[in-house]
Amino acid sequence: MNLLSGFADISLLQILLVAVVALFASVIGGLAGYGTGALMPLVLVPLVGAEPVVPIIAISSIFTNLSRFVAYLRYADRRKAGIVIAAAVVTTALGAYGFTRLTSAGAAILIGSMLVLSVPLRRLLRRRSVRIGDTGLAAGAVGYGVLVGGTSGSGVILLSLLMAAGLEGAAVIATDAVISLATSAVKISVFGLAGVVSAQVLAFAVLIGAIAIPGAFLAKAFVERMPMHIHTAILDAAVITGGIVMISSALR
């Protein structure tokens, strides 16, 4: 499969735009633990439509999370990662399969809704300061698997689960990376079997993934210098606006 053929009908300027957003999203993701899945659909959907977006982000996240895991290797909580992976693997596959059955408009509405809901959900969970044990973590992971399998931007739910389970700071980001590597592998397997991994999907995934690798290390270098409340507010506004635009376009 020729990867360059995946950029047919895509201009150099559009490719550069995707690359710039991918680098920005990777740095944000390295700082906050989420960002790529929330920001990339805003630039990808207008270019390629909604259907290829989740497969693109699933494949590119292998690069993103691997580099993030290497950057924060010593902070990962392998036991909690194992609990979430074991509980979420089946429902992730089911969610991914369900996504492959959607129409383009259905995919856009699903992704847009998840983006819009992720912001108040994150704020609600942070305000409640919920605390859970291993059983609660596993139960939450079952539901998370369905969402991560079939949507983009659901990473905020995993972060909230890990923080509720007692993880903080770099440990959250590193453990999230381990889990996301596993769920991405499951999603890619399902998408591959369903025949939705095209040259276009692979081309954009490799572009985003390659750009994201240095982003994780840039984030580590600036983790103590960037005001978190500022980039969080910007990200929230962009995610909500993009989600609403996506849903409106699909309904029209």
Side-chain angles (χ1 to χ4, degrees), residues 29-30 32-38 54-101 110-111 114 117-118 121-122 124-126 128-194 196-197 205 209 212 216:
Y34 74 104
T36 303
V54 172
I56 287 171
I57 293 176
I59 297 172
S60 67
S61 68
I62 293 289
F63 297 85
T64 307
N65 288 301
L66 188 58
S67 59
R68 194 178 298 165
F69 174 62
V70 172
Y72 294 92
L73 178 61
R74 64 191 180 93
Y75 298 104
D77 189 318
R78 292 169 177 79
R79 188 179 67 80
K80 284 185 170 59
I83 291 172
V84 174
I85 291 169
V89 64
V90 173
T91 51
T92 297
L94 291 173
Y97 175 74
F99 180 83
T100 65
R101 312 305 297 174
L110 181 64
I111 295 171
M114 186 64 235
L117 291 173
S118 68
L121 178 62
R122 176 180 57 79
L124 176 65
L125 291 173
R126 180 193 290 175
R128 293 285 179 89
S129 298
V130 178
R131 289 290 177 263
I132 57 176
D134 290 349
T135 303
L137 180 62
V142 172
Y144 163 73
V146 176
L147 291 173
V148 75
T151 67
S152 174
S154 56
V156 63
I157 297 172
L158 177 57
L159 290 176
S160 299
L161 282 172
L162 294 176
M163 287 187 286
L167 297 185
E168 296 179 346
V172 176
I173 298 172
T175 308
D176 170 274
V178 176
I179 296 165
S180 296
L181 282 171
T183 55
S184 293
V186 172
K187 291 164 67 174
I188 291 167
S189 300
V190 174
F191 293 144
L193 291 172
V196 298
V197 181

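Along the sequence shown, residues carry numbers from 1.
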Measure the CD1-CG distance between I179 and L158 for me, rounded to the nearest 0.5 Å.
-> 4.5 Å
Atom CD1 in I188, atom OG1 in T183: separation rounded to 0.5 Å?
-> 9.5 Å
All N/O donor-acceptor pairs, side-chain side in residues 135-143, below 3.5 Å, sequence neighbours left out:
none

Under the salt bridge (charged side-chain N to carboxylate O under 4.0 Å, His left out) rule, what pairs show up with a residue in residues 79-98, not counting sequence neighbours?
-> D77-K80, R79-D134
With sequence neighbours excluded, give me every side-chain hydrogen bond (donor to acceptor under 3.5 Å, both in side chains) pair touching residues 89-98.
-> none
Report yes if the side chains of L181 and L66 come closer than 4.5 Å at any heavy-atom pair, otherwise no.
-> yes
For F191, enumerate each residue passing the side chain to side chain contact (heavy atoms under 4.5 Å, CB included) test, keeping only those at least two apart in sequence or located in another chain.
-> V54, P55, A58, A96, F99, T100, K187, V196, V197
Return the set of residues passing side-chain hydrogen bond (donor to acceptor under 3.5 Å, both in side chains) with S61 (not counting sequence neighbours), or none when no residue passes.
-> S184
Knowing that exactly one of V84, L167, I132 qualifies, which makes a side chain to side chain contact (heavy atoms under 4.5 Å, CB included) with L161?
-> I132
Between L162 and D176, the two heavy atoms sitting closest are CD1-N, 3.7 Å
Closest approach of V178 to A81 (non-hydrogen atoms, all atoms of both residues) | CG1-CB, 3.9 Å
